[in-house]
Amino acid sequence: MRKKVFIVIGTRPEAIKMVPIIAQLIKNKKFFETKICITQQHKELVNSILKFFNINPDFKLNIMRDNQDLSYITYSILNKINPILKDNKPDYAIVHGDTSTTFATALSCFYNKIKLIHIEAGLRTYNLSSPYPEEFNRQVVGKIAYIHFSPTLLNKKNLVKEGVSSKLIFVTGNTVIDTIKMTLDKIKKNKTLKEKIEKYYYKFNINLNNKKIILITIHRRENFGKNLISILNAIIKITKKHPNYNLILPVHPNPNIKNIVFKYLVGFKNIYLIKPLEYHYFVYLLDKSNIVISDSGGLQEEAPFLKKPLVILRKNSERPETITIGHSIKVGSDTKKIFAVVDRLILDKKYYNKFNKKCLIYGNGTAALQIVKKLKKL
Ligand code: UDP
């Protein structure tokens, strides 16, 4: 009998990292009946990723409202997913990471006694306010999950320390590496697509082949307010000292980010403030960049895989591996520290080369294959 698998996705990073698992499950139709539900915690961002990989969701929860807060998001997902889970009675529900979608779905699975599979399990900072609310979400999901798929050995160790049986934890690498490879491969094989992406950047006068690109993303709650201003002041210092570098910032739509970024950074010749990019446009740009500055979790996996020195705008990271083995530098939001590190990366070739190496700590693109192989055996 085929196993009934129910996948729930809410945000852009979940979609990016679940795509390879969905692709594998669909390939294995003989073994799995797969249903996909999107809560639409992020709407357009998720739609574009699923469309790029030809994935059609079976359920759309449409939970987005203006100015929604965390309580509203959790309440509305719980409320809307409960009848769907009751009706579908899956053998397994699969969630990813640490979002409110992940948390609310896990809770509903717990109430409905549905076995929960957690992807990207065991990442921890052990600081409930950083990242907020993600650290809380993933710890709770870790309590509820039946099977845990962890990207690294360190993640597994965290779970074991918390009392999870090591027999229920499988280390597979991170599925995001699978997705990057699938995406770059798709672009490489499609000349028209590649030209379309390059044309998009030419529109902004960005020449992707000039090799002096600094890619920047900022979106974390703990960087709202004065931290953000401190980061933006560093960006201004960098562009003033290094006018031959193009600083590209796809601006996160959250008004706490967007309004301040535009207030501070408009008018600088070499700073390009652009809309959030569709994933394949973003990965293409990432591959062409030579330095990355970001508070993103996903980029801590993607940038080192593509040999890009990464400057992390965070105090704590649940992904310490790339810092420890020397692929990225954690600087927080301090203007002076950010500037000093980027300045050195630009001026000191030897220092730059220390970080300019491929990182395989998150695997080599076979995580989804390993996960689905294991699911077959459950
Ligand atoms: N990303 C994207 N377009 C953008 C910026 C980022 O597709 O304009 C991708 C990026 O490659 C990464 C993911 O979005 O895989 C990270 O999402 P985010 O930083 O929002 O969340 P986090 O990873 O911090 O949870």
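Counting starts at 1 for both ligands and their atoms, following the listed order. Counting from 1, the numbers follow the sequence of the chain as shown.
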Taking NZ, NE, NH1 and NH2 as the nitrogens, is one of them in [X] or [Y] under 4.0 Å from a carboxylate oxygen of the other?
X      : Y      : result
Lys203 : Glu198 : no
Glu301 : Arg319 : yes
Arg220 : Glu134 : yes

Asp295: partners by side chain to side chain donor-acceptor pair (under 3.5 Å), with sequence neighbours left out: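 Expected list: His219, Asn223.
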Check: residues 145-158 side-chain donor-acceptor pairs under 3.5 Å, at least two apart:
| unit_1 | atom_1 | unit_2 | atom_2 | d |
| --- | --- | --- | --- | --- |
| Ser150 | OG | Ala121 | O | 2.8 |
| Thr152 | OG1 | Leu154 | N | 3.4 |
| Thr152 | OG1 | Asn155 | N | 3.3 |
| Thr152 | OG1 | Asn155 | OD1 | 2.9 |
| Thr152 | OG1 | Asn155 | ND2 | 3.4 |
| Thr152 | OG1 | Glu321 | OE2 | 2.7 |
| Asn155 | OD1 | Thr152 | N | 2.9 |
| Asn158 | ND2 | Gly122 | O | 2.9 |

May I have all residue pairs that pass salt bridge (Lys or Arg N to Asp or Glu O under 4.0 Å) and include part of residues 331-349, sequence neighbours excluded?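 Checked against salt bridge (Lys or Arg N to Asp or Glu O under 4.0 Å) - neighbours excluded - the pairs reaching residues 331-349 are Lys241-Asp343, Arg344-Asp348.
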Could you pull out every N or O of ligand 1 that sits under 3.5 Å from a protein N or O, with the distance for each pair?
| unit_1 | atom_1 | unit_2 | atom_2 | d |
| --- | --- | --- | --- | --- |
| ligand 1 | 3 (N) | Arg12 | NH1 | 3.3 |
| ligand 1 | 3 (N) | Leu277 | O | 2.8 |
| ligand 1 | 8 (O) | Leu277 | N | 2.8 |
| ligand 1 | 11 (O) | Glu302 | OE1 | 3.0 |
| ligand 1 | 11 (O) | Glu302 | OE2 | 3.0 |
| ligand 1 | 14 (O) | Arg12 | NE | 3.1 |
| ligand 1 | 15 (O) | Glu302 | OE1 | 3.0 |
| ligand 1 | 15 (O) | Glu302 | OE2 | 2.7 |
| ligand 1 | 19 (O) | Ser296 | OG | 2.9 |
| ligand 1 | 20 (O) | Arg12 | NH2 | 3.0 |
| ligand 1 | 23 (O) | Ser296 | OG | 3.4 |
| ligand 1 | 23 (O) | Gly297 | N | 3.4 |
| ligand 1 | 23 (O) | Gly298 | N | 2.7 |
| ligand 1 | 24 (O) | His219 | NE2 | 3.3 |
| ligand 1 | 24 (O) | Arg220 | NH1 | 2.9 |
| ligand 1 | 24 (O) | Gly297 | N | 2.7 |

